[in-house]
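What follows is a single structure, written as structure tokens, with notes after it.
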Amino acid sequence: MSVVVVATIHPTPEGRADVVAAFEAAIPLVHAEPGCELYALHEGHDRLVMIEKWSSPEALATHSTGAALTELGPKMAGKVLSAPDVQTLTALPVGAPDLGAV
């Protein structure tokens, strides 16, 4: 069963562009990782939100220690207000199968 992750990052106003650039560099590498079904960056007024979908908990675990993510942390150092809020979720499909889960 797929695993969904929602990670919320609060960049500093002056660090926002650098944090976005760091994600732009990492995203193609993550897309190539085994088990990556979705890795999409979204933005809100004061935050960036990464929505991820992995084919299995094992694929997510591999991603968590992979080069792309390991290199991302230092690029965001001093440019975020706090550590990312990372939530790992399991779908509760309701309604139409193609509309009830990410």
To the nearest 0.5 Å, what is the distance between [atom1] on [X] and [atom2] on [Y]?
| X | Y | atom1 | atom2 | answer |
| --- | --- | --- | --- | --- |
| Q87 | E52 | CD | CD | 12.0 Å |
| L60 | S2 | CG | OG | 11.0 Å |
| L38 | I51 | CG | CD1 | 7.0 Å |
| L29 | H31 | CG | NE2 | 10.0 Å |
| M50 | I9 | CE | CD1 | 6.5 Å |
| S55 | E33 | OG | CD | 11.0 Å |

Do [X] and [Y] have side chains that get closer than 4.5 Å, going by heavy atoms?
| X | Y | result |
| --- | --- | --- |
| L48 | V20 | yes |
| L41 | I27 | yes |
| V86 | V5 | yes |

Notebook entry, point to check: Should T90 and V3 be marked as a side chain to side chain contact (heavy atoms under 4.5 Å, CB included) after you check the CA-CA gap, both sets of side-chain angles, and the distance that decides it?
Noted result: CA-CA 6 Å; T90 303; V3 179; 5.8 Å; no
Can you name the closest pair of heavy atoms from [X] and [Y] and give their distance?
| X | Y | answer |
| --- | --- | --- |
| K53 | V102 | NZ-O, 2.7 Å |
| H10 | D46 | CD2-O, 3.4 Å |
| A26 | L72 | CB-CD1, 4.3 Å |
| A59 | P34 | CB-O, 3.8 Å |
| V19 | P11 | CG2-CB, 4.1 Å |

Item checked: Test ring-ring contact (aromatic ring centres under 6.0 Å, His included) applied to F23 - qualifying residues, sequence neighbours left out ->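 Scan of F23 (ring-ring contact (aromatic ring centres under 6.0 Å, His included), adjacent residues dropped) gives none.
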Next item on the list: For E14, check side-chain contact (heavy atoms from CB on, under 4.5 Å) against everything at least two apart and list the hits.
Entry: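 If we apply the side-chain contact (heavy atoms from CB on, under 4.5 Å) test to E14, skipping adjacent residues, the hits are T12.
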Next item on the list: Could you check T70 against T65 for side chain to side chain contact (heavy atoms under 4.5 Å, CB included), going step by step and ending with a plain yes or no?
Entry: CA-CA 7 Å; T70 302; T65 60; 5.6 Å; no
Next item on the list: Any ring pair (Phe, Tyr, Trp, His ring centres under 6.0 Å) involving residues 45-80? Give me the pairs, sequence neighbours left out, ordered by first then second residue.
Entry: Y39-H63, W54-H63
